[in-house]
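Report on one structure; see the data block that follows.
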Protein chains: 2
Amino acid sequence: MSTPQGARARARIEVTVAIKDAARRQLAREGAAKLSLRAVARELGMVSSALYRYFPSRDELLTALIIDAYDSLGEAAEKARDAVSGAAPVDRWTGVCEAVRGWALAHPHEYALIYGSPVPGYSAPETTVRAAGRVGLALIGIVRDAHERAGLAEPPLPAELRPEGERMVAEFAPDVPPEVAVALVAAWAQLFGLVGFELFGQFNKVVEDREAFFRHAVTGLAHGVGLR
Amino acid sequence: MSTPQGARARARIEVTVAIKDAARRQLAREGAAKLSLRAVARELGMVSSALYRYFPSRDELLTALIIDAYDSLGEAAEKARDAVSGAAPVDRWTGVCEAVRGWALAHPHEYALIYGSPVPGYSAPETTVRAAGRVGLALIGIVRDAHERAGLAEPPLPAELRPEGERMVAEFAPDVPPEVAVALVAAWAQLFGLVGFELFGQFNKVVEDREAFFRHAVTGLAHGVGLR
DNA sequence: ACACAGAAGAGAGCAGCGCTCTTGATTTAG
DNA sequence: CTAAATCAAGAGCGCTGCTCTCTTCTGTGT
């Protein structure tokens with residue numbers, strides 16, 4: 001039933017949200033490694049074992065936070081895509097990229113949670129897949145719009161990768177040339193390379209003007225996928 | 001003194017190495033999160049407190065492993081660079097990139113240690129900086145050779161980034177045009193975006209033929225820095 | 001050749017962790 | 001109104017990183 005009919009169901013939802021909020025606060029403060037169920041319980045005035053009524057394990061709680069983080073980032077990306085929907089394709093592209101970077105700088109621990117090392121014995125449940133794809137889909141959307149409106153400069157594609165590109169088109173990038181689909185996936189990964197390096201300190205003593213550097217680099221990515 | 005003159009000093013070095021080896025084995029088996037000082041001690045038939053004579057904390061042990069991992073990866077990259085020293089610049093470039101990818105696939109947990117989320121409070125000590133730069137320097141070397149031998153197609157560089165590029169040239173990329181230096185740093189970060197996405201599972205259900213895709217993408221990176 | 005400072009290991013112990021199981025209270029449903 | 005489901009709490013297990021103390025050993029200067 002979509003309506004929570006009892007006071008109990010409502011309370012359950014509220015407590016679940018409160019747990020996730022407290023956990024997210026700790027996550028932002030200390031990072032995923034130091035997120036402790038007992039500390040979350042303390043903050044809520046509960047006892048640690050009570051949390052197990054809501055999350056079967058610490059990793060399950062982390063998984064819930066992972067999904068939320070993906071959604072939060074995805075929402076930021078989609079908002080940026082829609083905010084500049086009239087602009088030139090390259091500007092829309094860089095707008096989304098800058099939204100991703102901005103979100104990452106604002107939520108470094110959550111970014112580390114989803115794009116850093118996988119935490120436990122590692123398994124990404126099916127639930128995360130949809131949320132994890134939102135940034136990529138936002139980028140695909142921009143490229144598709146540009147393709148339909150003005151055409152793209154199609155990057156070269158070696159013959160051995162053509163089937164791969166056609167599969168990508170069929171599975172998640174409809175109405176986009178296969179050459180572009182392949183380039184898009186590469187640019188998508190490369191975008192997070194740029195963001196991750198800045199966030200995790202690899203750019204220390206290497207890049208000073210991070211913002212200008214990033215804008216320049218993602219403009220290059222846009223050209224790489226055929227945007228003009 | 002470069003020669004450890006006492007038997008004691010020699011024993012100390014041997015035990016230190018044994019600890020790191022055992023720790024590395026556990027790291028490869030379980031990942032950094034589950035690396036436990038007590039388990040390392042057990043494996044060596046010592047008691048946990050004895051390890052503190054060699055490493056002042058678990059994080060210090062991790063730092064030692066980080067440096068070793070950087071050096072191991074850097075050595076792989078340099079070996080690849082030198083193995084194909086006569087080949088065309090683009091092939092040398094892709095050779096080094098593939099060495100990086102190969103090392104990462106062979107040592108996923110160590111890769112996660114150095115390019116994944118940084119650990120708790122953790123500030124990268126000065127000691128890591130040299131080792132962390134080796135891959136980048138290998139790439140720079142290839143581009144410099146190509147520049148001196150045959151010239152490069154210089155990528156465009158917006159005016160606001162010119163000082164940045166000149167600083168890069170002065171600090172770690174001598175004899176390379178500033179345009180190329182900036183493009184090089186971007187390509188360096190993007191390379192690890194590609195590797196990280198593959199390793200951390202972001203390419204699941206997205207890229208099938210990982211090897212061909214990677215080769216194609218890093219060829220694109222090579223073109224981006226001006227190699228032909 | 002010997003005595004001694006310093007180094008190394010053992011052991012106990014502290015506080016914290018994730019997680020399980022049991023117990024008693026409270027709410028919901030039949 | 002009673003039976004079933006739900007939930008908070010408490011005790012406890014085995015693990016963790018780390019500290020402190022005590023004992024043994026050993027390399028070295030006299």
Side-chain angles (χ1 to χ4, degrees), chain A residues 1-20 22-23 25-27 29-66 113 118-123, chain B residues 1 3-20 22-27 29-66 109 113 118-122:
Chain A
M1 317 311 160
S2 65
T3 330
Q5 64 274 54
R8 191 162 225 158
R10 194 164 327 152
R12 185 176 179 82
I13 291 176
E14 273 172 24
V15 174
T16 306
V17 169
I19 292 172
K20 284 207 292 185
R25 274 194 297 275
Q26 280 199 22
L27 182 67
R29 213 181 311 130
E30 307 267 16
K34 295 200 170 170
L35 194 158
S36 128
L37 274 187
R38 291 179 115 110
V40 170
R42 264 195 305 272
E43 185 173 328
L44 295 169
M46 302 170 76
V47 91
S48 73
S49 58
L51 291 198
Y52 286 84
R53 302 266 169 204
Y54 298 89
F55 295 93
S57 74
R58 192 194 100 117
D59 286 356
E60 288 288 322
L61 174 55
L62 267 180
T63 299
L65 295 181
I66 286 174
L113 190 62
V119 198
Y122 163 78
S123 66
Chain B
M1 320 307 163
T3 331
Q5 64 274 55
R8 200 156 204 158
R10 193 163 331 164
R12 185 177 178 82
I13 290 175
E14 274 172 24
V15 175
T16 306
V17 168
I19 291 173
K20 285 206 290 184
R24 201 175 354 258
R25 273 193 297 276
Q26 280 199 21
L27 184 66
R29 213 180 312 128
E30 306 268 15
K34 296 200 172 172
L35 194 159
S36 128
L37 274 187
R38 291 180 115 110
V40 170
R42 263 193 307 272
E43 184 173 330
L44 294 168
M46 302 171 75
V47 89
S48 74
S49 59
L51 290 199
Y52 286 84
R53 303 268 175 208
Y54 297 88
F55 294 93
S57 74
R58 193 193 98 119
D59 285 358
E60 287 289 321
L61 174 55
L62 267 180
T63 299
L65 295 181
I66 286 174
H109 286 116
L113 192 61
V119 234
Y122 188 73

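What you see is a predicted model, and the numbers here were worked out from it, not measured in a lab. Reminder, nothing fancy here: chain letters follow the sequence lines and each chain counts from 1.
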Separation of D/dT16 atom P from A/Leu37 atom CG, nearest Å, is 18 Å
Rounded to whole Å, CZ of A/Arg10 lies from C1' of D/dT6 at a distance of 17 Å
Heavy-atom closest pair (B/Leu61 atom, B/Ala23 atom, distance to 0.1 Å) is CD2-CB, 4.0 Å
From CD of B/Glu14 across to C1' of C/dA7 the rounded distance in Å is 16 Å
Quick note, B/Ser36 side chain, CB onward, closest among D/dG17, C/dG11, C/dG18 is D/dG17
B/Lys34 NZ to D/dT16 C1', in whole Å, measures 13 Å
Regarding the side chain of A/Tyr52, the nearest nucleotide among C/dG18, D/dC18, D/dA8 is C/dG18
Across the strands shown, which category fits B/Leu35 at heavy-atom distances under 4.0 angstrom: base, sugar-phosphate, nothing? sugar-phosphate
Whole-Å distance, A/Leu51 CG to D/dA8 P, equals 9 Å
A/Arg12 vs C/dT28: side-chain N/O to OP1/OP2 distance below 4.0 Å: no
Between B/Ser48 and B/Arg38, the two heavy atoms sitting closest are CB-CG, 3.7 Å
Winner on side-chain proximity to B/Ala50, out of D/dC18, D/dT16, C/dA10, is C/dA10
Among C/dG11, C/dG13, C/dC17, the one nearest any side-chain atom of B/Arg38 is C/dG13
Discussion item. Using a heavy-atom cut-off of 4.0 Å across all strands, would you classify A/Ser48 as base, sugar-phosphate, or nothing?
Written reply: base
In whole angstroms, the gap separating P of C/dC19 from OH of A/Tyr54 amounts to 18 Å
Taken in chain and number order and not counting sequence neighbours, the residues that satisfy salt bridge (charged side-chain N to carboxylate O under 4.0 Å, His left out) with B/Arg25 are B/Glu43
B/Leu62 CG to D/dC18 C1', in whole Å, measures 15 Å
Verify side-chain contact (heavy atoms from CB on, under 4.5 Å) between A/Phe55 and A/Thr63, making sure each step is shown before the conclusion.
CA-CA 10 Å; A/Phe55 295 93; A/Thr63 299; over 6 Å; no
Looking at B/Arg53 and B/Arg12, would you say the former's side chain and the latter's main chain have a donor-acceptor pair under 3.5 Å?
no
Among D/dT19, C/dG9, C/dC19, the one nearest any side-chain atom of B/Ser49 is D/dT19
Which of C/dA10, C/dC19, D/dT16 is nearest the side chain of B/Arg53? It is C/dA10
In whole angstroms, the gap separating P of C/dG16 from CZ of B/Arg58 amounts to 18 Å
Applying a 4.0 Å non-hydrogen cut-off, can you work out what B/Phe55 is touching in the nucleic acid: base, sugar-phosphate, or nothing?
nothing
